[in-house]
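To keep things clear, I will list the structure first and then write my remarks on it.
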Amino acid sequence: MFLVTGATGDIGRRVIRLLREHDHSVRGFVRLTSRYGELEHRGADIFIGDLRREQDIEKACQGVQYIISAHGSDNDALSLDYRANIALIDQAKANGVQHFVFISVLGAERGYEDAPVFKAKRAVENYLAASGLNYTILRPAGLASNLLPLAERFRETGLYLLIGDPKNRISIVSTDDLARIVVDSVTVPDARNQIFSVGGPEILLREDIPQIFGHIFKKEPIVVNSPLLVIDGLRGVLGLINPEAQQALGTFRTLLSNEFFCRKDEIAKLEQTFNFPLETLESFLRRYLAV
């Protein structure tokens, strides 16, 4: 039995789909307000709970052999990115789980002090590596699925808002490829007790994204390049009325102001370990946008 947290998210849904295609038993940890009909239709066991409650985590982990942590933080990095994952690891040890797959974030090891998600993910990485469990830690770059709403908006308007330095290098990973890597991590021997940076096969500039959109839709992009000062001003205002949102913007600003790309040797290692070629961003978008 696999337990997948974040089961209705972009990664979790795809992971459960792959596991069920191979007839694995899967338990999806979902919130009451989630749309989990697709997971039920695919034959997944549904556990409705709250990752902020340790008793819910304890119940969800009973009888499972593999745990895949794929949930996000919903602007609550301390409770969800950190405490929930620590509780999952503790329950994995208590239940003799055979393998724990943790989805971290590219750059978690860099020590960004103003990014709560990065700090929480790195602390969990260290805790998992010292736990004695068999594990795989995946540090994905940007997810291609996150660009689908922007691509749809571009299809309608031709506009693309680019905040920060357009020359910053990035890697975008096909969310389908990431899901496949997650699932294969529990069976590929060379993935055991390893940390992988996960990106697509290309190193892109941030300004390349609207050009890819334009190529797909045969439309010249209108790029609005806004400075990071806009985010800084918004953070200042939020600090007075909503400190949690201000912290979340700290993570967002970190993502916008730094480079997040996988080196060629990291991608080569990934393709060699998991034995399949990674998909380009344009290929992913064309499949989902039916272009």
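- Tyr66 and Asn134 share no side-chain donor-acceptor pair at under 3.5 Å.
- Taking the charged nitrogens against the carboxylate oxygens, Asp176 and Arg14 do have a contact shorter than 4.0 Å, which makes a salt bridge.
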(message) Using side-chain contact (heavy atoms from CB on, under 4.5 Å), reason through Lys269 and Arg263 one step at a time and then give a plain yes or no.
(response) CA-CA 10 Å; Lys269 178 184 176 182; Arg263 303 187 311 269; over 6 Å; no

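- A salt bridge links Lys167 with Glu207; the closest basic N to acidic carboxylate O contact falls under 4.0 Å.
- Linking Ile, Leu, Val, Met, Phe, Trp and Tyr whenever their side-chain heavy atoms come within less than 4.5 Å leaves Phe102 and Val183 in two separate clusters.
- Side-chain contact check for Arg122 versus Arg139: some heavy-atom pair is nearer than 4.5 Å.
- Of the possible polar contacts, none joining the Ser283 side chain to the Thr280 backbone as a donor-acceptor pair under 3.5 Å is found.
- Look at Asp10 and Arg13 and you find a salt bridge, because one of the NZ, NE, NH1 or NH2 atoms lies within 4.0 Å of a carboxylate O, short of that distance.
- A centroid separation of less than 6.0 Å is found between the aromatic rings of Phe284 and Tyr288.
- Rounding to the nearest 0.5 Å places CG of Asn95 at 7.0 Å from CD of Gln62.
- The CD1 atom of Ile216 sits 7.0 Å away from the CG atom of Leu281 when rounded to the nearest 0.5 Å.
- No donor-acceptor pair under 3.5 Å is formed between the side chain of Asp177 and the backbone N or O of Leu278.
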(request) For Leu106 and Val198, run side-chain contact (heavy atoms from CB on, under 4.5 Å): C-alpha distance rounded to whole Å, both residues' side-chain angles, the deciding distance at 0.1 Å, then the answer. (result) CA-CA 8 Å; Leu106 192 68; Val198 185; over 6 Å; no

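- Considering all non-hydrogen atoms of both residues, Ala141 and Gly199 come closest at CB-CA, 4.5 Å.
- Heavy atoms only, all atoms of each residue included: Ser197 and Glu266 are closest at OG-OE2, 3.4 Å.
- His99 and Arg192 make their closest contact through CE1-CA, 4.1 Å (heavy atoms, listed as atom of the first residue, atom of the second, distance).
- Rounding to the nearest 0.5 Å gives a distance of 12.5 Å between CD1 of Ile203 and CD1 of Ile172.
- A salt bridge links Glu152 with Arg155: the closest approach of a Lys/Arg side-chain nitrogen to an acidic carboxylate oxygen falls below 4.0 angstrom.
- Remark: the backbone N or O of Arg206 is not paired with any side-chain donor or acceptor of Asn168 at under 3.5 angstrom.
- When each of Ile209, Ile222, Asn225 is paired with Tyr160, the side-chain contact (heavy atoms from CB on, under 4.5 Å) condition holds for Ile209 and for no other.
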(request) Could you please spell out the steps behind the side-chain contact (heavy atoms from CB on, under 4.5 Å) verdict for Arg31 and Asp50? (result) CA-CA 6 Å; Arg31 293 174 294 184; Asp50 186 344; over 6 Å; no

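- Closest non-hydrogen pair, Ile267 versus Cys262, comes out as CD1-CB, 3.6 Å.
- Using cut-offs of 30° and 60° on the angle between ring planes, the pair Phe29 and Phe47 is tilted.
- In summary, the aromatic rings of Phe100 and Tyr135 are positioned with their centroids too far apart to meet the 6.0 Å limit.
- Cluster annotation: Leu39 and Leu32 are assigned to the same hydrophobic cluster (Ile/Leu/Val/Met/Phe/Trp/Tyr, side-chain heavy-atom contacts under 4.5 Å, transitive).
- The aromatic rings of Phe260 and Phe118 sit tilted relative to each other, their planes meeting at an angle between 30° and 60°.
- Proximity of a side-chain donor or acceptor of Gln65 to a complementary backbone N or O of Gly63 within less than 3.5 Å is detected.
- Between the side chain of Thr136 and the backbone N or O of Ala191, at least one donor-acceptor pair lies under 3.5 Å.
- No donor-acceptor pair closer than 3.5 Å links the side chain of Ser145 to the backbone N or O of Thr175.
- Hydrophobic clustering keeps Phe274 apart from Ile195 (ILVMFWY residues linked when any side-chain heavy atoms are closer than 4.5 Å, directly or through intermediates).
- Hydrophobic clustering of Ile, Leu, Val, Met, Phe, Trp and Tyr side chains at less than 4.5 Å, counting indirect connections, keeps Ile137 apart from Leu270.
- With rounding to the nearest 0.5 Å, the separation of CG in Asp208 from CZ in Arg169 is 12.5 Å.
- Atom CD1 of Ile68 sits about 7.5 Å away from atom CD1 of Ile103, to the nearest 0.5 Å.
- Residues Arg17 and Glu21 are not paired through a salt bridge, judged by the lack of any N-O separation under 4.0 Å between the basic side chain and the carboxylate.
- The shortest side-chain heavy-atom distance between Cys61 and Leu3 falls under the 4.5 Å cut-off.
- Closest heavy-atom contact between Arg20 and His24: NH1-O, 2.7 Å.
- For the atom pair CD (Glu125) and CG (Leu138), the distance works out to 10.0 Å, reported to the nearest 0.5 Å.
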